[in-house]
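To start, the structure under review is shown below, and the notes come after it.
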Amino acid sequence: MTLKAYLLNDGYEIDNWGLIAASEGLEMLLNNSGISITKTLTSKEMKRKSSLDKLFLFNKKVFNENTRLSKYFSECLLPSTADEFDKIAKIWLKGDGGSIANKFIADANQVDIVIFSGEGSCYRKNIVAIKGLFMIWFAKNYLNKEAMFCNGSITLDHVDAVLPAMLRKVADSEIKIFVRENCSYDSVLKYYPDLCSKIDMLPDSVFALDSTFHQDYNDDYFTFSMSMLPMDFSEDNLIDSPIYKLLEATLLLVPNVIFLAKDKEDQRLRKLANLFQARFIGPNYSYKDVENIISKSKFLITGRYHHAIFSLRSGTPIIPLKSSSHKIDGLIRFYDDFPAIFDPSNLIKETPYILKTAQQILSNHEELRERTYSKSKELKDLLINEGYHL
């Protein structure tokens with residue numbers, strides 16, 4: 001029997017290579033487990049709490065979500081603490097939780113299982129994390145539905161630490177939790193060691209998709225994309241910037257570079273591409289185009305999590321840069337060949353070590369590619385064979 005599912009935080013409508021690939025992989029894995037997505041709450045809807053969240057001036061939100069006015073116009077009343085879960089749930093049941101809450105209840109009553117895709121959300125007081133965790137808990141405890149958290153990274157720390165107790169409340173409701181990398185698994189167990197029987201670690205859903213391994217290729221280039229951490233770009237004088245000097249030195253090892261930039265904040269890479277007279281892969285390309293380009297490159301330098309997965313899936317070695325969370329660190333722990341991860345906010349110091357890593361990759365390139373592809377195939381097989389089970 002196929003279970004009808006309500007997917008929270010559906011990323012298909014976000015114009016991002018990684019999110020589109022992850023959504024395709026997640027849908028495939030759920031289908032393999034006998035679960036069909038029939039209702040969705042999009043990532044944009046998950047991020048919105050108040051109708052005032054729609055108001056922007058000069059690309060900045062006019063009202064903070066914590067202002068009294070914003071709370072007055074709330075479309076989705078949410079708990080601030082784990083203690084408030086039952087109180088807010090009763091308000092939702094009376095129809096006073098807001099328009100998004102009412103939509104959720106109506107849609108959830110038409111499915112068998114509610115699934116929260118935790119992509120990019122579960123840290124500190126992030127609204128998507130609080131909304132998603134509360135919704136799957138509510139579905140389980142008040143609507144008598146099956147529920148699941150999957151394909152997400154989780155960071156539990158001591159800064160604005162309301163999320164740990166909320167996650168604990170979800171886990172204690174016998175809701176299955178699947179995290180996508182080692183650091184998230186460790187983060188949960190550091191807070192709650194007894195939850196080891198209630199959480200599983202399965203690789204990111206992108207690993208489940210078909211991939212290409214190029215055994216014979218003659219393209220002599222490396223690929224480069226940004227990190228979510230700030231990097232000193234020095235746009236007024238690019239040739240003196242740390243990022244320019246890193247690329248200039250790397251081009252002495254490999255004669256060409258291709259820049260990858262889908263996200264709005266990464267479009268400034270076009271200026272570097274013009275300076276180096278290099279190819280620029282921008283928003284008009286699909287994630288499959290990007291993965292194909294990466295698969296033929298010598299290596300990828302990146303701080304973008306899914307760009308790194310595209311590379312590893314095809315066997316292409318990576319030089320990883322830290323991101324704004326531990327997800328890249330967790331990803332790299334799957335691979336014995338890439339123990340180092342570099343700080344993109346400190347490139348002046350890190351550049352010599354990045355170059356040394358590039359030289360090591362080039363000196364053992366074919367064997368390294370085969371090992372990388374083989375490990376990625378293991379991760380794919382693990383995903384396909386294990387799947388998301390209740």
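The residues of the chain are indexed from 1 along the displayed sequence. Just so it is clear, the values below take in all heavy atoms, side chains as well, and ignore hydrogens, waters and symmetry mates.
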Might you point out which heavy atoms bring [X] and [Y] nearest each other, and give the distance in Å?
| X | Y | value |
| --- | --- | --- |
| Thr372 | Tyr335 | O-CE2, 3.8 Å |
| Met46 | Lys131 | O-NZ, 3.1 Å |
| Pro344 | Leu229 | CG-CB, 3.9 Å |
| Ala21 | Leu209 | O-CD1, 3.4 Å |
| Cys76 | Ile100 | CB-CB, 4.0 Å |
| Asn151 | Asp204 | OD1-CA, 3.4 Å |

Side-chain heavy atoms nearer than 4.5 Å, only ILVMFWY residues, links allowed to pass through others: does that put [X] and [Y] together?
| X | Y | value |
| --- | --- | --- |
| Tyr287 | Leu19 | no |
| Ile14 | Val290 | no |
| Val159 | Val162 | no |
| Leu167 | Tyr123 | no |

Can you tell me if [X] has over 12 outside heavy atoms packed within less than 6.0 Å of its [atom1]?
| X | atom1 | result |
| --- | --- | --- |
| Asp194 | CG | yes |
| Gln277 | CD | no |
| Asn237 | CG | yes |

So [Y] and [X], do their side chains get closer than 4.5 Å, heavy atoms only?
| X | Y | result |
| --- | --- | --- |
| Leu26 | Val206 | no |
| Phe116 | Leu41 | no |
| Ile243 | Phe224 | yes |
| Arg180 | Leu331 | no |
| Ser211 | Tyr373 | yes |
| Lys298 | His365 | yes |
| Phe207 | Glu378 | no |
| Phe138 | Phe85 | no |

Would you check if the side chain of [X] reaches a backbone N or O of [Y] as a donor-acceptor pair within less than 3.5 Å?
| X | Y | result |
| --- | --- | --- |
| Asp289 | Ser286 | yes |
| Thr223 | Ile258 | no |
| Glu119 | Gly11 | no |
| Tyr185 | Ile154 | no |
| Ser363 | Gln360 | yes |
| Asn9 | Ser117 | yes |
| Ser311 | Ala308 | no |
| Asn274 | Arg270 | yes |
| Thr357 | Tyr353 | yes |

To the nearest 0.5 Å, how far apart are [atom1] in [X] and [atom2] in [Y]?
| X | Y | atom1 | atom2 | answer |
| --- | --- | --- | --- | --- |
| Asn102 | Trp92 | CG | CH2 | 9.0 Å |
| Met231 | Asp343 | CE | CG | 9.5 Å |
| Leu195 | Leu189 | CG | CG | 7.0 Å |
| Ile348 | Asp232 | CD1 | CG | 7.0 Å |
| Met228 | Glu265 | CE | CD | 7.0 Å |
| Tyr221 | Lys296 | OH | NZ | 6.5 Å |

Please step through side-chain contact (heavy atoms from CB on, under 4.5 Å) for the pair Thr302 and Leu260, ending with a clear verdict.
CA-CA 9 Å; Thr302 189; Leu260 313 172; over 6 Å; no
Can a salt bridge be assigned to the pair Asp381 and Lys377 using a cut-off of 4.0 Å between side-chain N and carboxylate O?
yes
Dump the intermediate steps for salt bridge (charged side-chain N to carboxylate O under 4.0 Å, His left out) on Glu291 and Lys288, then the final yes or no.
CA-CA 5 Å; Glu291 185 167 61; Lys288 292 181 180 179; over 6 Å; no
Anything under 3.5 Å between a donor and an acceptor, one on a side chain of residues 245-257, the other on a protein residue two or more places apart or in another chain? List them.
from: Thr250; atom 1: OG1; to: Leu246; atom 2: O; distance (Å): 2.7
from: Asn256; atom 1: ND2; to: Asp220; atom 2: O; distance (Å): 3.2

From the list Leu3, Leu30, Leu8, side-chain contact (heavy atoms from CB on, under 4.5 Å) with Ile115 holds only for Leu30
Candidates Lys145, Glu146, Met148, Met135 - the one meeting side-chain contact (heavy atoms from CB on, under 4.5 Å) with Lys140
Glu146
Could you check Ser314 against Ser295 for side chain to side chain donor-acceptor pair (under 3.5 Å), going step by step and ending with a plain yes or no?
CA-CA 5 Å; Ser314 66; Ser295 72; 4.9 Å; no
Judged by modelled atom types alone, do Ser184 and His326 share a side-chain donor-acceptor pair under 3.5 Å?
yes
Do Tyr12 and Thr42 have a side chain donor and acceptor closer than 3.5 Å?
no
List for me each residue that meets ring pair (Phe, Tyr, Trp, His ring centres under 6.0 Å) alongside Tyr388, sequence neighbours excluded, and say none if there are none.
Phe178
Aromatic centroids of Phe280 and Phe259 separated by under 6.0 Å:
no
Are His307 and Trp17 near enough that their ring centres are under 6.0 Å apart?
yes
Salt bridge (charged side-chain N to carboxylate O under 4.0 Å, His left out) between Lys262 and Asp266, intermediate numbers included
CA-CA 7 Å; Lys262 178 71 167 177; Asp266 293 353; over 6 Å; no
Does Lys169 form a side-chain contact (heavy atoms from CB on, under 4.5 Å) with Thr81? I'd like the steps, not just the answer.
CA-CA 10 Å; Lys169 200 167 185 74; Thr81 67; over 6 Å; no
Test side-chain contact (heavy atoms from CB on, under 4.5 Å) applied to Arg313 and Ile309, step by step
CA-CA 6 Å; Arg313 275 169 26 88; Ile309 293 179; 3.6 Å; yes
Kindly indicate, with the supporting measurements, whether the criterion side-chain contact (heavy atoms from CB on, under 4.5 Å) is fulfilled by Phe134 and Phe104.
CA-CA 12 Å; Phe134 178 69; Phe104 170 77; over 6 Å; no
Test salt bridge (charged side-chain N to carboxylate O under 4.0 Å, His left out) on Arg304 and Asp263 and set out the steps.
CA-CA 10 Å; Arg304 288 287 184 183; Asp263 298 271; 3.8 Å; yes
